[in-house]
Amino acid sequence: MEVKYLIKGKLYDPILFGDEDDDWVGDEENPTCGDCGVHVGEKHLDMCDIERCPACGMQFISCDCGIKYELQEKDMKDLDVYIKKQEKYNEEHYKRVQRILKEIGENKKKQREQKRKRNYDEEM
């Protein structure tokens with residue numbers, strides 16, 4: 001069964017174990033993924049720490065490519081639906097992240113102001 005990843009509106013083949021640039025193989029006689037245990041040429045199991053994102057090359061489970069869908073051949077008839085759903089989710093996620101970063105920046109600014117005020121008060 002052929003699987004594709006939908007990432008940022010584009011289809012990618014998964015990076016199979018052994019095709020990564022890293023050398024995460026076990027012993028030479030029986031090389032297996034150090035996290036999910038698959039053999040060379042096999043697709044990593046879900047949530048494997050070692051699997052790489054085919055879009056950016058970073059760790060698949062934690063890269064910044066947004067939501068990713070694993071699609072099979074039967075899903076391709078609804079590809080446009082998945083793409084729209086993915087775009088909507090990623091836009092909403094981006095807005096949430098921007099809102100959180102703004103709040104963090106505002107909190108840090110408040111903390112710096114409070115620290116300056118305490119230092120000033122201590123000097124007096």
Side-chain angles (χ1 to χ4, degrees):
M1 166 175 31
E2 176 116 0
V3 169
K4 299 278 188 185
Y5 288 138
L6 180 64
I7 304 170
K8 295 182 178 181
K10 295 182 182 177
L11 290 173
Y12 294 87
D13 291 322
I15 297 176
L16 304 178
F17 175 64
D19 291 342
E20 301 95 345
D21 291 335
D22 310 286
D23 68 338
W24 290 94
V25 296
D27 63 68
E28 290 180 24
E29 291 180 28
N30 187 23
T32 57
C33 174
D35 185 47
C36 70
V38 298
H39 293 89
V40 172
E42 295 179 337
K43 182 187 162 306
H44 289 275
L45 300 180
D46 290 344
M47 302 305 290
C48 177
D49 283 341
I50 294 172
E51 182 176 14
R52 297 288 166 227
C53 174
C56 71
M58 301 302 290
Q59 187 180 31
F60 187 77
I61 62 172
S62 64
C63 71
D64 292 333
C65 287
I67 190 169
K68 304 173 201 84
Y69 294 119
E70 184 176 301
L71 303 177
Q72 298 175 5
E73 191 173 322
K74 65 180 175 61
D75 302 316
M76 294 302 162
K77 66 182 182 333
D78 297 320
L79 184 59
D80 289 343
V81 173
Y82 285 109
I83 290 172
K84 286 179 181 149
K85 184 177 174 183
Q86 188 178 61
E87 287 173 351
K88 182 179 178 190
Y89 174 88
N90 285 339
E91 285 176 21
E92 291 170 357
H93 178 70
Y94 177 78
K95 288 176 185 175
R96 280 192 305 271
V97 168
Q98 293 305 309
R99 199 169 43 250
I100 290 168
L101 291 173
K102 183 178 178 185
E103 288 174 14
I104 289 170
E106 290 170 356
N107 287 338
K108 285 185 176 186
K109 183 178 177 183
K110 286 179 188 176
Q111 289 172 350
R112 284 192 303 272
E113 289 171 2
Q114 290 172 347
K115 185 177 179 181
R116 273 196 293 269
K117 185 178 181 322
R118 277 194 310 270
N119 290 343
Y120 178 79
D121 290 345
E122 289 174 3
E123 290 176 0
M124 295 310 218

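What you see is a predicted model; the values in this text were computed from it and never measured.
- Glu91 pairs by the side chain to side chain donor-acceptor pair (under 3.5 Å) definition with nothing, not counting sequence neighbours.
- Applying the side-chain contact (heavy atoms from CB on, under 4.5 Å) rule to Gln114 yields the partners Arg118; only residues at least two apart in sequence or on another chain are considered.
- Under the side chain to side chain donor-acceptor pair (under 3.5 Å) criterion, Asp75 pairs with no residue at all, not counting sequence neighbours.
- Remark: Lys117 engages Asp121 in a side chain to side chain donor-acceptor pair (under 3.5 Å) (not counting sequence neighbours).
- Every pair tested for ring pair (Phe, Tyr, Trp, His ring centres under 6.0 Å) that includes a residue from residues 97-117 fails, sequence neighbours excluded, so the list is empty.
- The side-chain contact (heavy atoms from CB on, under 4.5 Å) search around Asp35 returns Cys33, Cys48, Asp49, Ile50, not counting sequence neighbours.
- Side-chain atoms of Gln59 and Arg52, non-hydrogen and from C-beta on, do get closer than 4.5 Å to each other.
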All N/O donor-acceptor pairs, side-chain side in residues 96-107, below 3.5 Å, sequence neighbours left out:
residue: Asn107; atom: ND2; partner: Glu103; partner atom: O; Å: 3.4

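- Applying the ring pair (Phe, Tyr, Trp, His ring centres under 6.0 Å) test to Tyr94 and every residue at least two apart in sequence or in another chain returns nothing.
- Clustering ILVMFWY residues whenever any of their side-chain heavy atoms sit less than 4.5 angstrom apart, transitively, puts Val40 in the very cluster that holds Val38.
- Applying the side-chain hydrogen bond (donor to acceptor under 3.5 Å, both in side chains) rule to pairs touching residues 5-15 yields Lys4-Asp13, Tyr5-Lys43, Tyr5-Glu51, sequence neighbours excluded.
- Scanning for side-chain contact (heavy atoms from CB on, under 4.5 Å) contacts around Ile67 gives Tyr69, Gln86, Tyr89, Asn90, with sequence neighbours left out.
- Under a hydrophobic-cluster definition in which Ile, Leu, Val, Met, Phe, Trp and Tyr are linked whenever side-chain heavy atoms come within less than 4.5 Å, directly or via other members, Leu6 and Val3 are assigned to different clusters.
- Every residue was checked against the side chain to side chain donor-acceptor pair (under 3.5 Å) condition with Glu87, not counting sequence neighbours, and none meets it.
- Nearest approach of Phe60 to Ile7, heavy atoms of both residues: CE1-CD1, 4.4 Å.
- Enclosure of atom CE in Met58 is not indicated, since only 12 or fewer non-hydrogen atoms of other residues, nucleotides or ligands lie within 6.0 angstrom.
- Checking side-chain atoms of Lys68 against main-chain N and O of Cys53 turns up no donor-acceptor pair under 3.5 Å.
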